[in-house]
Amino acid sequence: MGRFSKAALTALFLAAFPLITEARAGPIRYTLSPVVENGALKALAVDIDFEADADGLTRLRFVDRLQEETRPGRYAQELVITGGEEVTPLDGDQTQIRSAPGAALHARYRIRSGYDAPPTTQDATQTKPVILPDWFYALGELIFAFPAGRRDAHATFAWAGAPEGFRFASDLEQLNPASGTVNDVLDSIVAGSPRLRVIRGGGADAGVRVAVLGAYERFDDQAFADMAFRTIRTERAFWGDPATPFLVTLAPLAPRVGEAYSGTGRDDAFALWVGTSLPLADLRRLLAHEHFHTWNPGQLGRMGKDRSSAWLAEGFTDFYARRLLLRAGLYGLNDYAEAWNADLLAYAVSPAREAPEAKIAENYWRDRDLEGMSYLRGALMAALFDAELRRNGRGLDAVMRRMRVIDRKTTQGDLKLNFLAAFQAVAGRSPALEIERFQTRGETLTLPDDAFACLTLRTVTQPAFDVGFDLEATASTGVFAGVDPAGPAHAAGLRDGMRRLGREGGAMNDSSVEIVYRVADASGHEQVVRYRPEGRATVRFQHLTVPEALTPAQERACIRTLSAQAARR
């Protein structure tokens, strides 16, 4: 592309730029403002004040990737640069600014919405900014650009220009004006709306805020906040960390055929994306998982861009979500067993069960089954290692805490290498053989009978899961389609063309749990359809049960063992 000699240039602003390492003395100042027209939110405006590079050639860019999104900056438009002599759109959606060395530059652009309508439970990930007439919600990587090579540079943030009554919540409100960096700005969550509600913790929960958008059918704001506060307290206690400012955001997904949720951990916040008909109990594990990401992997070691260590970052985090929910009293033994059974069954039926590490790393963001296998396999490996260590009077907790100590002593430490070193120090042997078998090569992992100590683990066989209709087609419209005349849904009375009003029962992959749908036919007549989603094939998997007739003392002892409350070595 050609060059344009103008002091200001309006252009589409996307971008992925090569890094240029250069320290700058002046802070990079970010300002975020809502663009409101005729009472409706239309976009977000971003202003950035920064100094030019010492050679007078400065590039402005977004991050290269956010999960499966390979062009996170594509939602930015109408870029205007002032303070420069020349602005050059380069091949590959790059923008170069020529100016006097160290010149004061100003960039302004708008962020458009990635959605024309409210996101639904079919929108599984948070890789698009949501900017609707009365609310917005986005991750920092999607809206904030930065001068190439300055991710560690000093940065400040301000929220400005909002009309009266328009509320805002972000972990950037916690940004230290003296020590905040561009990385902190990128690793953020922003949300705003006249209907935004914020609950602030007190006492032991001081500094924790819960910001809620939308209305949820099965719980209220305070119940969600209480659960978040309790989860955060328990996980901080696990690491021995004091209370610090922390933000939890909750944004709504309009329900379709299946409820859905996801979360994204930030260093001092986590962002939840939740179907509005989801029960509060279903959010326990998501809360615990996302908050544990405050430490894993960020404080335990670098994971690397290829996601080959996601089994450690995601799978071990899932293991600890369940352990610490039990410790917090948010799970009972039956909840704990049920959560594990969902994963044991999902592992058994996954088409990616035997995928080698190289295949998972290559296709992680393109294949949901491969991505999910990192979670499942990692959690099972954590249970395997924990059982071995427990037999010898130790536990996995000691390994995790040792990883943190190792990483503090090693700059840019690798997550897997830190785990190998920590396990060796605690167990007196290397875990490399198990990692090679079950992660690198992808052999099927069968847990030992004593993996869950006081709970019973056995192998069972049951009918394979068959929902009885075209799940994808139905989910896209909310109207049932592809109902199999020979399947269980048809036998229960479900028909093509019926409209889904809600789901009141069922568990993905598990044919032993009855599915219950509230539906309406073409005339508007409402009814309840219930059936077991049993297919003609069978599936064999490990299954966890709580022994019958446990005394209260035995139950408390079992909880202490599984939550490792007595094993803090």
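Bear in mind the structure is a predicted one, so any value in this text is a computation, not a measurement. All values below were derived from every heavy atom in this structure, side-chain atoms included, with hydrogens, water molecules and symmetry-related copies excluded.
Using bins of under 30°, 30° to 60° and over 60° for the plane-to-plane angle, the ring pair F144/F157 lands in the perpendicular bin. Ring geometry for Y517 versus Y531: interplanar angle of 30 to 60°, hence tilted. Ring geometry for F219 versus Y216: interplanar angle under 30°, hence parallel rather than tilted (30 to 60°).
Between T125 and S262 there is no side-chain heavy-atom pair separated by less than 4.5 Å. Two residues are said to be in side-chain contact when any heavy atoms from C-beta on lie closer than 4.5 Å; R540 and T459 meet this criterion.
The minimum heavy-atom distance linking L325 with A288 is given by the pair CG-CB, 3.7 Å. When all heavy atoms are compared, the tightest approach of P463 to V539 is O-CG1, 4.1 Å. Heavy-atom minimum distance, F246 versus D267: CE1-O, 4.3 Å.
Checking Y364 against D306 by side-chain atom types alone, no donor-acceptor pair falls below 3.5 Å.
By the 4.0 Å N-to-carboxylate-O rule, D171 lies too far from R209 to be salt-bridged with it. Here D123 does not pair with K128 in a salt bridge; the nearest charged N to carboxylate O distance is not below 4.0 Å.
Atom CE of M403 is separated from atom CG of L420 by 9.0 Å, given to the nearest 0.5 angstrom.
The ring-ring contact (aromatic ring centres under 6.0 Å, His included) with F292 is formed by just one residue from the set W239, F316, F319; it is W239. None of D318, T231, T317, N296 except one satisfies the side chain to side chain donor-acceptor pair (under 3.5 Å) rule with H289; the exception is D318.
Here W311 and F385 keep their ring centres 6.0 angstrom or further from each other.
In this view, R556 satisfies the side-chain hydrogen bond (donor to acceptor under 3.5 Å, both in side chains) rule with no residue, not counting sequence neighbours.
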